[in-house]
There are 2 protein chains.
Amino acid sequence: MTLPSTYADRNCSLARSLEIVGERWTLLIVRDAFFGVRRFGDFVTQLKIPRAVLTSRLKSLVQEGVLVRDDGATGGVEYRLTAKGEGLWPVVRALMHWGDTFYSPSGVKRAARHDQDGGLLDHEGRCGDCGLVIPVPEIRIEPGPGFDSTDPGHDPVSDAINTPRRLLEPITASRTR
Amino acid sequence: MTLPSTYADRNCSLARSLEIVGERWTLLIVRDAFFGVRRFGDFVTQLKIPRAVLTSRLKSLVQEGVLVRDDGATGGVEYRLTAKGEGLWPVVRALMHWGDTFYSPSGVKRAARHDQDGGLLDHEGRCGDCGLVIPVPEIRIEPGPGFDSTDPGHDPVSDAINTPRRLLEPITASRTR
DNA sequence: AGTAGCAGTTCAGTCAATGAACCGGGTAGG
DNA sequence: CCTACCCGGTTCATTGACTGAACTGCTACT
């Protein structure tokens, strides 16, 4: 899966995409990046992913141009989504919608709103108020009716993610800067 | 990944979805099912997936209600998408679109049309002619400009898949019934 | 110097994937 | 009735990937 063309089908863009984001953990890393996670350690605590696996996934995501790694202004290492990475939002949205539909009887686990006018976004990412498809940086995400708030967050990163916030806004919770 | 809740995050429908369709090969099996593949042996020849893995994937997809297994009218075993399985079409479409966008400079590898009026479907599945989102059984799929027809199909199943056809229509190519 | 936080590595144990050979039931032909 | 073939599925030895815990090395602060 890591190597190019592990799936034989050269004529299928689905297979091609899965070469990049089809491995275990990869899409969850991307989701966290949408939610503002940027630091190696924050991915580890949020996802409980083995550090070695995270290293390998971040490396290939950077190589594929889904993330950029830079030693950021804050002094530490940061991983951020590129435009190509942001292009995965419809994929993440579609999977979340399918999961909400078939595995969350009490309603969506997370709702998306248009940050500018507060309108609810439908499953296609279209704002109920202004009718437009909202670009990623203008989307605000918040807990929905299906969100389970018993068993509350155990770490500041999860807490930050579960608070209404705009996508891509960096998480600064644990860091007092 | 096979077990429930291998991904810790209970409050994320993305993680929940990936429990079901996030394993290696699973979405490719689903894609083939959309393209009309129904037989064990056809999945093997089309995907070149190890038979043991296919057995295991089909079993869990049936268990999750994405596929149904029945000993069909034709006499053989058949795997078909359920409504829940058809609900994965937006996921498959989103991943194909991302792959087309970033890995297929010469254009989409497969185009989708509204079978009724011949209108091209956009990346949201909306018909350019009638403006509606087209339900899966009314979608016709055909090779697009990015399709590589050198290195032609080596097996009748691939040939059938690469011929314009409606989704879900069973492949009967190799079988002379 | 001394400590703390963080990105990333190392390593041994475990579990899943791979590919090729094999099994057994059903059907068709002789 | 016997044989050959097709097909779904299993078995098995090998290889490779994932896991979790401990460790390294760098930087900043005291």
Side-chain angles (χ1 to χ4, degrees), chain A residues 1-3 5-8 18-19 22-29 32 37-63 67-80 155-157 170-177, chain B residues 1-3 5-8 18-19 22-29 32 37-63 67-80 155-157 170-177:
Chain A
M1 207 130 160
T2 310
L3 313 178
S5 274
T6 303
Y7 295 126
L18 290 177
E19 298 284 345
E23 283 176 308
R24 189 153 160 66
W25 295 112
T26 305
L27 268 182
L28 290 176
I29 293 168
D32 270 21
V37 177
R38 294 187 175 183
R39 309 287 298 259
F40 187 94
D42 287 347
F43 285 110
V44 171
T45 62
Q46 231 284 311
L47 296 174
K48 286 160 197 67
I49 179 179
R51 306 168 80 84
V53 176
L54 180 60
T55 301
S56 141
R57 293 296 185 276
L58 289 174
K59 209 166 281 179
S60 62
L61 285 172
V62 167
Q63 198 170 357
L67 297 178
V68 269
R69 188 202 125 117
D70 55 21
D71 302 67
T74 59
V77 176
E78 286 192 351
Y79 293 92
R80 291 201 321 279
D155 60 284
V157 185
I171 285 175
T172 48
S174 55
R175 268 162 297 289
T176 48
R177 288 178 189 284
Chain B
M1 209 132 161
T2 311
L3 313 178
S5 275
T6 304
Y7 295 126
L18 291 177
E19 298 285 345
E23 283 176 307
R24 189 152 160 66
W25 295 110
T26 305
L27 269 181
L28 290 176
I29 293 169
D32 270 21
V37 177
R38 294 187 174 183
R39 308 288 299 259
F40 188 94
D42 288 346
F43 284 109
V44 171
T45 61
Q46 230 285 311
L47 297 174
K48 286 159 197 68
I49 179 179
R51 306 167 79 84
V53 177
L54 179 60
T55 301
S56 141
R57 293 296 184 276
L58 289 174
K59 210 167 280 179
S60 61
L61 284 172
V62 168
Q63 198 170 356
L67 297 177
V68 269
R69 188 203 125 118
D70 55 22
D71 302 69
T74 58
V77 175
E78 287 193 351
Y79 293 92
R80 292 201 321 278
D155 60 283
V157 185
I171 284 174
T172 49
S174 56
R175 269 162 297 289
T176 49
R177 289 178 190 284

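Since the structure is predicted, the reported quantities are computational estimates derived from the model, not experimental observations. Proteins get letters first, then strands, A, B, ... in listed order; numbering begins at 1 in each.
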[options]: which one has an atom nearest the side-chain heavy atoms of [X]?
X	options	value
B:Val53	C:dT9, D:dG8, C:dT18	C:dT18
B:Arg51	D:dG8, D:dT19, D:dA22	D:dG8
B:Arg57	C:dA17, D:dC7, D:dT19	C:dA17

Distance, rounded to the nearest Å, where [X] contributes [atom1] and [N] contributes [atom2]:
X	N	atom1	atom2	value
A:Lys48	D:dT19	NZ	P	14 Å
A:Arg24	C:dA17	CZ	P	10 Å
B:Leu54	D:dT10	CG	P	11 Å
B:Leu18	D:dC18	CG	P	15 Å
A:Asp71	D:dC26	CG	C1'	12 Å
B:Leu47	C:dG19	CG	P	13 Å
B:Glu78	D:dG8	CD	P	10 Å
B:Glu23	D:dC18	CD	P	12 Å

Distance from B:Leu61 atom CG to B:Glu23 atom CD, nearest 0.5 Å?
->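 CD of B:Glu23 is found 9.0 Å from CG of B:Leu61.
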Once you round to the nearest 0.5 Å, how far does CG of B:Leu28 lie from CZ of B:Arg57?
->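 That separation rounds to 11.0 Å.
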Under the criterion side-chain contact (heavy atoms from CB on, under 4.5 Å), which of B:Leu58, B:Asp32, B:Ile29, B:Asp42 is the partner of B:Tyr79?
-> B:Leu58
Taking OP1 and OP2 of [N], is either one under 4.0 Å from a side-chain nitrogen or oxygen of [X]?
X	N	result
B:Lys59	D:dT10	yes
B:Trp25	C:dT18	yes
A:Arg39	C:dC6	no

Set of residues satisfying side chain to side chain contact (heavy atoms under 4.5 Å, CB included) with respect to B:Arg51, sequence neighbours excluded |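 Counting only residues at least two positions away or on another chain, B:Arg51 forms a side chain to side chain contact (heavy atoms under 4.5 Å, CB included) with B:Phe40, B:Val44.
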Mind running side chain to side chain contact (heavy atoms under 4.5 Å, CB included) on A:Val157 and A:Arg39 for me, showing each step along the way?
-> CA-CA 10 Å; A:Val157 185; A:Arg39 309 287 298 259; over 6 Å; no
Which is true for B:Phe43 with a 4.0 Å heavy-atom rule: it touches a base, it touches only sugar-phosphate, or it touches nothing?
->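 Since no nucleic acid heavy atom lies under 4.0 Å of B:Phe43, the category is nothing.
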